[in-house]
Novice: 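Supplied in structure tokens, the structure appears directly below.
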Amino acid sequence: MARAVAGPEIERLVQLLARVPGLGPRSARRAALQLIKKRESLMAPLAGAMEEVLGKIGTCPVCGNLDVRSPCLVCSDPTRDPTLIIVVADVSDLWALERSGAMNARYHVLGGTLSPLDGIGPDDLNIASLIGRVRDGGVAEVLLALPATVDGQTTAHFVTELLRETGVKVTRLAHGVPVGGELDYLDEGTLAAAIRARTTL
Ligand code: ZN
């Protein structure tokens, strides 16, 4: 076993960094070393930025996005089309769709997908608040941008049935989104094409 080259404080920094998605133990060690070398220009601002976000971050009461303001930046943007709500499973999907730049809409984050095997039912997701938003009026279309997994499609079907009585137009992403694919991993062009070619349910 290799002997430690630095004290437990630095080891702890490395171990925490290694938990960041995309970083493994080796990259975490490199990142830690860079942070330490650039402690004035990088580590201090990073620590400050993290502390600032940590103190203010919360879930938007309207759409479920994560932001330091409430309602979130997306919900409080008057230039967005209020008649279109894009429904996503996770905040990462919202961010991915925004990167595609294809739509100028509002969102609704369900916080997951229905999964009977994992005991995740309708009450565990932000479904009731979505129906409430549509019932409040002013929404012409709900675009279901849910994963092409069994659970994602079960969720899409369930939400579609609930929305039927409201008379709102319900659409979903066009195929081209790979089966089992997570939106976060799609490139912007594929996402934009799937949105443009969306189909009515
Ligand atoms: Zn919001």
Side-chain angles (χ1 to χ4, degrees), residues 21-22 49 52-53 56-114 125-149 151-201:
E52 195 169 37
V53 170
K56 296 180 189 162
I57 193 79
T59 303
C60 174
V62 178
C63 75
N65 188 18
L66 289 170
D67 199 3
V68 296
R69 63 180 72 201
S70 177
C72 73
L73 191 69
V74 173
C75 284
S76 49
D77 181 352
T79 67
R80 285 177 183 269
D81 180 1
T83 68
L84 173 60
I85 293 180
I86 303 181
V87 177
V88 292
D90 194 81
V91 173
S92 62
D93 301 324
L94 189 165
W95 290 14
L97 285 164
E98 278 299 290
R99 274 204 314 274
S100 80
M103 302 301 284
N104 182 38
R106 306 280 170 97
Y107 289 89
H108 198 87
V109 182
L110 295 182
T113 50
L114 293 173
L125 304 176
N126 300 323
I127 293 177
S129 55
L130 170 66
I131 309 301
R133 282 177 79 182
V134 175
R135 279 212 186 106
D136 285 346
V139 180
E141 178 183 348
V142 173
L143 167 55
L144 302 174
L146 295 169
T149 58
D151 286 346
Q153 293 316 296
T154 303
T155 309
H157 182 73
F158 184 82
V159 171
T160 303
E161 286 304 312
L162 284 181
L163 286 171
R164 200 174 294 280
E165 48 141 335
T166 67
V168 76
K169 181 182 175 189
V170 181
T171 54
R172 67 175 166 94
L173 288 182
H175 290 293
V177 177
V179 173
E182 291 187 49
L183 298 182
D184 197 21
Y185 292 104
L186 295 180
D187 66 274
E188 285 79 0
T190 305
L191 262 180
I195 291 170
R196 276 194 300 272
R198 63 190 184 276
T199 52
T200 304
L201 288 169

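Note that the structure is predicted; figures quoted are calculated from it, not measured.
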Novice: Of all heavy-atom pairs between V91 and V109, which one has the smallest distance, and what is that distance?
Specialist: N-CG1, 3.7 Å
Novice: For residues L110 and L146, determine if any side-chain heavy atom of one lies less than 4.5 Å from a side-chain heavy atom of the other.
Specialist: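 Touching, per the 4.5 Å side-chain cut-off.
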Novice: Within the structure provided, determine whether T113 and T154 are in side-chain contact (heavy-atom separation under 4.5 Å).
Specialist: no
Novice: Would you say V87 and V159 make side-chain contact, with heavy atoms under 4.5 Å?
Specialist: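 V87 does not reach V159 side chain to side chain.
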Novice: Heavy-atom distance under 4.5 Å between the side chains of C72 and C63, does that happen here?
Specialist: yes
Novice: Check whether any side-chain heavy atom of R133 lies under 4.5 Å from a side-chain heavy atom of R106, and answer yes or no.
Specialist: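 Of all side-chain heavy-atom pairs linking R106 with R133, at least one is under 4.5 Å.
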Novice: Taking all non-hydrogen atoms of both residues, which atom of L143 and which atom of L173 are closest, and how far apart?
Specialist: CD1-N, 3.8 Å
Novice: Could you tell me whether the side chains of T171 and E141 share a donor-acceptor contact shorter than 3.5 Å?
Specialist: yes
Novice: Are T166 and R135 close enough that some pair of their side-chain heavy atoms sits under 4.5 Å apart?
Specialist: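 Answer yes - side chains close enough.
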Novice: For P147, is there any backbone N or O sitting under 3.5 Å from a side-chain donor or acceptor partner on Q153?
Specialist: yes
Novice: Where do V139 and P82 come nearest, in terms of heavy atoms and distance?
Specialist: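 Nearest heavy atoms, V139 then P82: CG2-O, 4.2 Å.
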Novice: Where the side chain of D67 meets the backbone of G58, is there a donor-acceptor pair that is under 3.5 Å apart?
Specialist: no
Novice: Is a side-chain donor-acceptor pair under 3.5 Å present for D151 with T149?
Specialist: no
Novice: Please name the pair of heavy atoms, one in I85 and one in Y107, separated by the smallest distance, quoted to 0.1 Å.
Specialist: CG2-C, 4.0 Å
Novice: Is a salt bridge present between D77 and R80, judged by a nitrogen-to-oxygen distance below 4.0 Å?
Specialist: yes
Novice: Quick check: does any side chain N or O of H108 sit under 3.5 Å from a backbone N or O of S129, one acting as donor and the other as acceptor?
Specialist: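 No: the side chain of H108 does not pair with the backbone of S129.
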Novice: Would a 4.5 Å heavy-atom cut-off, applied to side chains only, mark S70 and P61 as touching?
Specialist: yes
Novice: Identify the two heavy atoms, one from L97 and one from A145, that lie closest to each other, and give their separation to 0.1 Å.
Specialist: CD1-CB, 3.9 Å
Novice: Check whether T83 reaches the backbone of A140 with its side chain - one donor and one acceptor, N or O, closer than 3.5 Å.
Specialist: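 No: the side chain of T83 does not pair with the backbone of A140.
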